[in-house]
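Chain identifiers are assigned alphabetically (A, B, ...) following the order of the sequence lines, protein sequences preceding nucleic acid strands; residue numbering begins at 1 within each chain.
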Amino acid sequence: MSRIAARFKALAAEGRGALIPYLEAYDPDWDTSLELLRKMPAAGADLIEIGMPFSDPSADGPVIQAAARRGLKAGATLAGVLDMVTDFRQQDNKTPIILMGYLNPVESYGYERFCRDAAGAGVDGLILVDLPPEEADVLAPFAKANGLDIIRLVAPTTSDKRLPYVLSHASGFVYYVSITGITGTRSATTHDLEEAIPRLRKVTKLPIAIGFGVRTPQQAANASSIADGAVVASALLSTLADTLDDKGRATAETLPRVLAQIEDLAKAVRNAGGKAV
Amino acid sequence: MTGDARLLHVWQARFFTRYGSGRPEMADPKEHGTAAVQSNSLRHQPDERGHFGGRHGGRFVAETLMPLILELDEAYKAAKADPAFRKELDYYLKDYVGRPSPLWFAQRMTEELGGAKIFLKREELNHTGSHKLNNVMGQILLARRMGRTRIVAETGAGQHGVATATVCALFGLKCVIYMGATDVERQKPNVFRMRLLGAEVVPVTSGAGTLKDAMNEAMRDWVANIADTYMLIGTVAGPHPYPAMVRDFQSVIGTETKAQMKAAEGRLPDVVVAAIGGGSNAMGIFYPFLDDKSVRLIGVEAAGHGLDSGKTAASIERGRPGVLHGNRTYLLQNADGQIEEAHSISAGLDYPGVGPEHSWLHDIGRAEYVGITDNEALDAFQFCTRMEGIIPALESAHAVAYAAKIAPTLSKDTLLVVNLSGRGDKDIFTVAEHLGVKL
């Protein structure tokens with residue numbers, strides 16, 4: 001069983017959803033983001049999403065754009081991101097790692113080589129924002145051959161007619177983009193989510209995580225109990241950005257504050273519990 | 001083997017040499033290069049998935065946008081098949097845009113250069129001063145058919161922004177134009193025009209604040225406002241169907257050129273030269289000639305400070321294929337696949353990518369792609385102005401420069417057409433600055 005499947009199964013047995021915090025690799029530097037990654041599981045991360053910095057993140061809002069820019073300025077490369085995961089795996093062999101990013105750096109690295117190296121580093125799944133199912137054949141065979149899950153995005157605009165197609169080759173979990181918009185801007189209402197998630201459940205047996213617009217512990221608790229997990233990205237990156245000095249460097253505040261926020265989110269998700277098992 | 005099958009074969013050989021054959025999507029060209037295999041015309045691209053030659057183009061967008069792109073594709077197909085749409089478009093092209101535009105025999109330029117007979121296709125005479133209005137008129141009619149009430153667009157030099165703001169004024173639609181902060185600064189007259197026309201101009205400060213960043217921001221707006229908004233892309237790039245649709249709307253340029261040249265000289269031109277940023281004016285004039293193998297098609301990219309200076313916008317000559325803004329095409333990028341900033345004296349050309357159909361035409365060798373530097377374009381700007389009394393846009397000056405370079409090497413019976421895609425009024429401040437003149 002893959003690490004992602006094993007983790008969701010274990011959480012279901014606990015009767016709760018997953019907290020999936022996001023960090024941007026190399027933000028604001030390699031050492032700090034690696035240290036953050038290493039400490040995330042103890043703070044309550046059930047799965048971890050790592051952003052691969054890209055120069056033109058056209059589906060992301062200002063917070064993630066700025067984080068990506070800091071990461072690139074610090075010298076981020078895909079090879080470096082994979083090194084980070086390799087390092088993390090020395091001490092943690094259970095927490096699923098999902099890489100999120102845009103297609104071009106992966107295409108540039110080479111699809112086959114990337115899937116092989118990512119699996120070798122201990123990556124479990126890939127989310128590529130600008131790779132819709134229509135174009136997925138560039139990557140899918142190599143991901144499959146290397147046991148990497150391709151995590152599909154579903155949006156409020158995805159029609160019932162289109163859903164089965166989008167989910168036909170999905171694995172790992174389904175990422176529900178809960179708003180029509182960019183990251184870190186608006187939030188979906190409970191009502192929206194309560195309508196959307198059952199629509200997805202009819203088509204897939206995979207766990208569903210909700211992302212985009214999940215900021216507060218309350219929202220994370222809500223999302224993880226309506227679906228099976230909540231992804232929190234911009235809210236954490238804003239906190240990180242707030243702790244940087246005027247030259248954009250990490251300070252003594254950086255790790256403690258981001259980790260404390262993850263702990264608060266994790267507590268809320270655990271207390272929400274109450275999921276039908 | 002037909003000519004086109006041979007071209008495809010050559011292209012495949014090049015492709016596999018360059019990228020290896022391990023990519024499953026390319027393993028069977030019959031499957032994805034269907035149009036090229038079955039048809040003996042180069043005018044039948046892209047395929048259903050929006051791929052040119054099976055490789056370039058496509059639809060690389062977030063899932064939120066995918067249903068909109070598919071809806072647009074259906075709407076465009078229906079409009080294309082509807083004679084009423086064609087009739088409506090023809091009416092606006094004739095009486096509002098001012099088509100057909102003349103094909104001008106540039107006699108003084110020809111005599112001065114002493115070679116090929118040079119003709120200028122005068123797109124700068126269109127309302128708003130460039131070829132941009134052809135496409136914008138087509139898309140605005142489509143947006144109206146689709147019931148959209150708000151239009152977003154990106155612009156570099158402002159030609160596309162002005163054209164978009166113009167048709168929005170004409171039809172009373174809300175208009176938001178994203179423009180890089182750098183470009184807002186260097187294209188003040190066009191910013192003022194857009195605002196006069198009632199558009200909201202939003203300066204974009206991310207990245208280098210140029211066209212690439214404006215495109216990102218326009219896509220972000222679209223994804224957040226899908227219910228009422230139509231994204232009006234200004235060049236032959238973006239996710240399918242934009243590259244094909246914009247080409248179709250611009251191909252009126254080539255269709256007219258063909259007829260006008262036959263009327264003037266009794267035959268087709270021998271050489272067609274056009275400037276390339278994203279490449280819409282070039283695709284517009286090239287497309288009707290794609291199957292006329294005797295016609296050399298030359299796309300002129302902005303070499304900036306020089307092709308190897310690191311400050312260039314020549315995506316085909318100095319880039320490699322990659323994925324940006326919804327399509328796969330030649331891109332300026334570093335070894336890690338991060339997109340690089342393009343540089344050109346012309347704000348309209350400093351885009352790090354190019355339309356995917358150009359990438360395909362380059363791969364199969366149907367069109368030639370060359371570079372002209374900032375300085376060469378500046379010289380041509382003045383040359384055209386003095387010789388013909390026509391001030392060309394800096395974009396078009398790149399095409400004029402290359403034409404002036406090759407004309408003396410060609411025989412006197414060679415017919416050469418330069419697509420004069422826009423007028424240079426907007427560029428006089430940039431040019432004055434480079435000439436050390438204070439306005």
Side-chain angles (χ1 to χ4, degrees), chain A residues 53-62 65-66 68-69 72 75-80 102-113 128-142 152-159 161-162 166 175-177 179-183 185-186 212, chain B residues 19-20 22-27 31-32 48-51 57-71 205-207 212-213 215-227 239-240 320-328 331 333-341 352-353:
Chain A
F54 181 49
S55 52
D56 293 79
S58 58
D60 284 304
Q65 286 177 53
R69 211 159 41 236
L72 288 173
T77 61
L78 287 199
Y102 291 78
L103 197 59
N104 198 54
V106 176
E107 176 155 315
S108 181
Y109 193 100
Y111 291 112
E112 186 166 13
R113 192 175 141 235
L128 292 165
V129 179
D130 53 352
L131 185 66
E134 278 80 356
E135 301 283 355
D137 56 1
V138 290
L139 179 82
F142 305 124
R152 283 282 159 82
L153 301 169
V154 173
T157 49
T158 311
S159 66
K161 188 167 161 248
R162 181 172 164 78
V166 172
Y175 190 119
Y176 182 63
V177 175
I179 54 158
T180 54
I182 51 178
T183 51
T185 50
R186 289 175 283 149
F212 284 50
Chain B
Y19 305 104
R23 299 168 53 110
E25 87 281 16
M26 293 307 307
E31 200 176 315
H32 295 300
E48 264 298 302
R49 297 171 66 184
H51 289 185
R59 291 180 171 124
F60 296 91
V61 295
E63 176 59 25
T64 312
L65 287 180
M66 200 64 198
L68 275 88
I69 301 278
L70 295 172
E71 183 196 357
T205 52
S206 61
K212 157 176 101 90
D213 311 295
M215 184 80 154
N216 286 329
E217 216 51 43
M219 288 179 82
R220 290 184 185 113
D221 180 310
W222 191 24
V223 83
N225 297 288
I226 49 169
H240 180 64
R320 59 190 168 87
V323 174
L324 179 72
H325 296 153
N327 64 145
R328 179 180 291 108
L331 297 173
Q333 53 182 317
N334 70 14
D336 296 312
Q338 305 293 344
I339 310 303
E340 292 185 330
E341 294 295 341

* Answer with yes or no whether the side chains of B:S206 and A:R69 bring together a donor and an acceptor at under 3.5 Å. => no
* Asked: If we only count heavy atoms from C-beta on, is the A:P57 to B:R220 side-chain gap below 4.5 Å?
  -> yes
* Counting only heavy atoms closer than 4.5 Å, note whether A:L103 contacts chain B via side chain, backbone, both or neither. => side chain
* Test ring pair (Phe, Tyr, Trp, His ring centres under 6.0 Å) applied to B:H325 - qualifying residues, sequence neighbours left out -> B:Y351
* Non-hydrogen side-chain atoms of A:N104 and B:I339 separated by less than 4.5 Å -> yes
* Asked: So do B:Q333 and A:P105 actually touch side chain to side chain, heavy atoms under 4.5 Å?
  -> no
* **Proximity breakdown for B:A227 and chain A, heavy-atom pairs closer than 4.5 Å** => neither
* **A:D130 and B:R59 ion-paired at < 4.0 Å** => no
* **Contact class of A:E135 relative to chain B, heavy atoms under 4.5 angstrom** => both
* **Test side-chain contact (heavy atoms from CB on, under 4.5 Å) applied to A:P133 - qualifying residues, sequence neighbours left out** => A:R152, A:R162, A:Y165, A:V166, B:E63
* Structure fact -> Looking only at B:N225, B:L65, B:D213, B:L324, the option with the highest number of non-hydrogen pairs under 4.5 Å against chain A is B:L324
* Considering only heavy atoms, which portion of A:V177 lies under 4.5 Å from any heavy atom of chain B: side chain, backbone, both, or neither? -> side chain
* Is chain B contacted by the side chain of A:L72, its backbone, both, or neither, given a heavy-atom distance below 4.5 Å? -> side chain
* Asked: Would you call B:R328 and A:V138 a side-chain contact if the rule is heavy atoms closer than 4.5 Å?
  -> yes
* Using a distance-only test with no angle check, is there a side-chain donor-acceptor pair under 3.5 angstrom linking A:E134 and B:H240? -> no
